[in-house]
Amino acid sequence: MDRNELVNELARRRGFLWPAFELYGGAAGFYDYGPLGAPLKRRIEDIWRQYFVIAEGFAEIEAPTIGVEGIFQASGHLSGFSDPLTGCKECKEVYRADHLIKHIIEVPDALTNEEIYRCMQENEITCPECGGELSSVYEFNLMFKTMIGPGNKMTGYMRPETAQGMFINFPRLLRYFRGALPFAAVQIGKSYRNEISPRQGVIRLREFTQAEAEIFIDPRDKTHPRFDEVKDIRMKFYSQEAQEKGEEEEMSFGEAVERGVVAHQTLAYYVARTYQYLLAVGIDPQKLRFRQHKSDEMAHYAADCWDAEVLLDRLGWIELVGVADRTDYDLKAHTTVSKVNLSVFVNYGQPVKRKKTVVKPDFKALGPMFKSKAKAVGEALRALAPEQLTGEMIQVNVDGETIDIDRSLVSFESVEEEVRGEEVVPHVIEPSFGIDRILYSILDHSYYEDEIDGEKRAVLRFKPQVAPIEVAVLPLMDRSELVGPAKKILEELRSRGMRTDYDTSGSIGRRYRRNDEIGTPYEVTIDYETIEEGTVTIRDRDSMSQVRIARWQVVDKLQALLNGDLLFQDAGDPVRSAKSD
RNA sequence: GCGCCGAUAGUGUAGCGGUUAUCACUAGGCGUUGCCAACGCCUAAACUCGGGUUCGAAUCCCGAUCGGCGCACCA
């Protein structure tokens with residue numbers, strides 16, 4: 001069994017990840033998070049909140065997971081997310097129908113499925129593999145479609161990403177942040193994509209969890225005020241250039257921006273925060289790299305994009321996070337479809353005085369002359385640049401009609417106005433995290449085996465901050481004189497908010513193993529010395545060593561250990577291993 | 001979606017037309033002054049689903065579902 005199998009098997013057996021709907025035969029691309037998986041996921045999300053909500057002052061929102069049609073027209077998911085397919089009736093091979101007529105039609109995207117099919121028939125296109133006849137064109141859309149309300153009045157779609165919920169709330173968010181850039185909204189939640197063939201467990205799901213931030217910035221200034229905090233962090237950059245050489249390049253973030261490896265400070269800053277976050281939840285830095293999108297895989301509107309990728313057993317390099325500068329693409333797209341202006345008025349530091357020529361059409365004369373067109377003529381005149389206003393006759397274009405106007409009907413005035421700022425469509429920096437993939441990667445990177453007395457030991461070396469069980473309370477034996485004090489300690493730990501487990505079954509060694517396997521960092525063992533001398537032992541998962549401490553200190557010391565404020569070897573008196581007796 | 005392969009207790013497996021469906025681990029109970037998957041006794045637990053062939057199917061055939069691999073897909 002390779003590590004991938006071992007991890008999956010452990011995850012299933014111990015209650016991290018279960019294939020969904022098993023009772024009814026299951027469905028590919030759906031997973032349940034079990035009693036250990038759900039808290040692990042929750043803790044991964046909570047640390048994300050710590051980094052991308054609390055530390056940055058961003059606003060977390062929660063939008064519906066179903067969206068109306070307009071959203072996805074604007075986002076491009078309805079057209080771009082759906083592929084016209086056709087299949088060979090002979091060999092059953094399936095093709096992208098639009099690709100088959102690419103050499104005939106410039107923009108096959110613009111055609112309906114029927115038109116594509118007709119085009120295929122007219123040009124006698126057959127199966128490229130076997131020359132067989134091709135079926136009619138059918139749509140495969142990765143969007144889950146549903147109905148809103150009774151009848152077919154309104155079509156809804158399950159969102160394929162959480163991002164749109166932030167974009168379409170832009171006006172409200174702008175107001176919430178008192179009209180000033182930069183600001184950001186985030187969302188952690190489920191997204192849905194009806195994948196053609198989901199595989200590889202939790203890596204490609206039909207229902208999955210994303211954590212996304214949309215950071216709205218002033219496009220004219222992409223520096224970041226806190227860049228100094230990250231500029232000395234060193235990391236492996238797998239830039240476009242590095243990819244050509246096939247070798248990652250280690251450098252500091254400061255250097256990366258100076259050399260133009262990363263487009264600008266703000267993007268680099270969030271790549272750095274992403275890097276710190278991934279390490280904090282337990283991704284192995286040796287199996288982590290940031291890869292820049294090549295120009296052909298980057299969305300046409302994106303200015304720069306970096307993916308956090310991890311190395312997983314069997315699966316290779318897998319994308320966990322994308323951090324992109326999406327420029328003003330999304331806001332402009334929503335403006336086009338919704339007709340709502342999504343810009344910000346940005347004040348200049350100093351108001352700028354500007355000379356301006358104001359055109360004043362003489363409406364008293366224009367009115368009788370052009371009747372109902374007068375207003376439009378006036379607007380056209382006002383819109384002209386000063387240099388177009390010389391000469392005896394002025395030409396304007398109204399509804400395709402060229403109209404000559406005598407200069408005397410227009411007066412000019414040169415005014416000096418104070419310009420306090422301008423309308424700007426913000427650019428968007430988008431870090432987008434796949435939580436399920438991060439969770440799986442943590443399992444893979446935390447898993448290790450060692451051999452104790454010829455016996456294999458499987459351990460998940462979780463960081464205490466993500467461990468679903470933080471402390472196991474274990475009476476040495478299931479006897480009432482030990483169980484009583486043990487339950488007392490359990491209660492104290494719980495009232496301190498710790499995630500605990502209590503176990504009396506089988507031998508103590510078996511219980512230690514069980515907890516190693518689910519990544520519990522510490523175990524408290526209650527023995528006869530607890531009763532006689534008022535002490536307990538704490539066992540450290542990774543070293544398997546134990547210290548003995550006073551009973552009354554157990555809660556505080558465990559808290560300190562879990563917080564990383566206390567080193568295990570300093571926690572108490574070392575216990576000689578039973579083996580060496 | 002296509003092709004190839006597979007599916008038996010919680011996990012890993014044996015079975016190859018007639019068995020009370022094999023074994024190990026795991027899990028639960030009892031005992032154990034006992035500390036790194038100890039030991040003894042006891043217990044629970046499975047043929048993915050639906051059709052067909054047959055006197056009789058876990059076993060043979062067909063289909064579905066799920067999983068693995070390859071192709072396609074992965075804004």
Side-chain angles (χ1 to χ4, degrees), chain A residues 1-2 4-6 8-10 12-15 18-30 72 75-83 85-88 90-96 99 127-129 135 138 140-143 160-161 163 193-201 203-205 297-302 314 318-319 322 329 432 450-459 474-479 481-482 504-517 523 525-529 531-532 536-537 539-541 543-546 548 575-581:
Chain A
M1 281 221 276
D2 60 23
N4 173 274
E5 274 177 275
L6 289 165
N8 278 311
E9 194 262 318
L10 188 153
R12 197 173 342 117
R13 194 162 37 82
R14 302 311 305 272
W18 292 331
F21 324 126
E22 265 186 310
L23 197 60
Y24 292 99
F30 297 96
F72 305 116
S75 70
H77 286 107
L78 279 181
S79 51
F81 228 50
S82 130
D83 298 325
L85 300 180
T86 181
C88 172
E90 302 294 323
C91 70
K92 304 292 178 200
E93 189 62 68
V94 174
Y95 302 95
R96 283 279 298 272
H99 288 179
C127 173
E129 280 296 315
S135 74
Y138 58 94
F140 190 85
N141 192 284
L142 264 42
M143 301 278 284
E161 59 176 23
R193 294 177 193 183
N194 202 1
E195 297 284 354
I196 296 174
S197 87
R199 289 232 189 120
Q200 303 170 328
I203 298 300
R204 229 163 112 219
L205 293 169
E297 75 183 296
M298 205 164 351
H300 61 89
Y301 48 80
R314 189 198 281 197
I318 296 285
E319 174 190 349
Y329 174 80
S432 172
D450 49 12
E451 216 168 276
I452 309 298
D453 298 332
E455 195 94 47
K456 200 182 78 177
R457 181 176 84 119
V459 189
L474 311 173
L476 193 58
M477 280 185 307
D478 190 10
R479 297 179 67 110
E481 61 269 31
L482 297 176
T504 61
S505 70
S507 73
I508 189 69
R510 184 180 298 276
R511 285 176 273 157
Y512 288 149
R513 287 287 181 280
R514 257 205 293 257
N515 277 289
D516 289 339
E517 208 180 36
E523 289 100 347
T525 309
I526 291 84
D527 55 19
Y528 282 90
E529 286 169 65
I531 305 166
E532 286 151 20
V536 296
T537 66
R539 173 184 181 271
D540 174 59
R541 174 194 66 206
S543 64
M544 295 199 303
S545 55
Q546 283 176 291
R548 189 166 281 281
V575 175
R576 274 179 311 152
S577 106
K579 283 274 135 81
S580 59
D581 277 354

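In what follows, chains carry the letters A, B, and so on, assigned in the order in which the sequence lines appear, proteins first and then strands, with residues in each chain numbered from 1.
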Please give the distance between the [atom1] atoms of [N] and [M] as a whole number of Å.
| N | M | atom1 | answer |
| --- | --- | --- | --- |
| rU54(B) | rC60(B) | C1' | 10 Å |
| rA45(B) | rA24(B) | C1' | 14 Å |
| rA46(B) | rG15(B) | C1' | 14 Å |
| rU26(B) | rA64(B) | P | 40 Å |
| rU8(B) | rG67(B) | C1' | 15 Å |
| rU22(B) | rA9(B) | C1' | 12 Å |

Backbone N/O of Leu476(A) and side chain of Arg511(A): donor-acceptor pair under 3.5 Å |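 Side chain of Arg511(A) to backbone of Leu476(A), a donor-acceptor pair under 3.5 Å: yes, one is there.
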Check for a donor-acceptor pair, side chain of Arg204(A) on one end and backbone N or O of Gly29(A) on the other, with a separation under 3.5 Å.
->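 Such a contact is absent between Arg204(A) side chain and Gly29(A) backbone.
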Selected nucleotide, minimal atom distance to [X] side chain, candidates [options]:
| X | options | value |
| --- | --- | --- |
| Arg314(A) | rU32(B), rC69(B), rG29(B) | rC69(B) |
| Arg199(A) | rG1(B), rG10(B), rG29(B) | rG1(B) |
| Ser197(A) | rA72(B), rC69(B), rC36(B) | rA72(B) |
| Ser507(A) | rG28(B), rC36(B), rA38(B) | rA38(B) |

Across the strands shown, which category fits [X] at heavy-atom distances under 4.0 angstrom: base, sugar-phosphate, nothing?
| X | answer |
| --- | --- |
| Gln546(A) | base |
| Ser505(A) | sugar-phosphate |
| Arg479(A) | sugar-phosphate |
| Gln200(A) | sugar-phosphate |
| Leu476(A) | base |
| Arg539(A) | base |
| Glu22(A) | nothing |

Restricting to nitrogen or oxygen on both sides, can you table the protein-nucleotides 61-65 of chain B pairs closer than 3.5 Å?
unit_1	atom_1	unit_2	atom_2	d
rU65(B)	O2'	Gly25(A)	O	2.7

Given Watson-Crick or G-U pairs with both distances under 3.5 Å, what dot-bracket string fits RNA chain B, with | for other-strand pairs and [ ] for crossing?
-> (((((((..(((.....[....))).(((((.......)))))....(((((..]....))))))))))))....
Of Val575(A), Leu474(A), Ile526(A), the residue whose pairing with Thr537(A) passes side chain to side chain contact (heavy atoms under 4.5 Å, CB included) =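 For Thr537(A), the side chain to side chain contact (heavy atoms under 4.5 Å, CB included) check succeeds only for Val575(A).
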Starting at the 5' end of RNA chain B, which residue's closest nucleotide do you reach first, Leu482(A) or Pro198(A)?
-> Leu482(A)
Could you state the atom-to-atom distance from [atom1] of [X] to [atom2] of [N] in whole Å?
| X | N | atom1 | atom2 | answer |
| --- | --- | --- | --- | --- |
| Arg514(A) | rA38(B) | CZ | P | 10 Å |
| Met477(A) | rG29(B) | CE | P | 16 Å |
| Asn8(A) | rC66(B) | CG | P | 17 Å |
| Arg13(A) | rC25(B) | CZ | P | 15 Å |

Basic-acidic side-chain contact under 4.0 Å: Glu529(A), Arg548(A) = yes
Parallel under 30°, tilted from 30 to 60°, perpendicular over 60°: which one fits the rings of Tyr301(A) and Tyr329(A)?
->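 Judged by the thresholds at 30° and 60°, the geometry between Tyr301(A) and Tyr329(A) is parallel.
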Side-chain donor or acceptor of Arg204(A) under 3.5 Å from a matching atom on the base of rC73(B)?
->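 Indeed, a donor on one side and an acceptor on the other fall under 3.5 Å apart.
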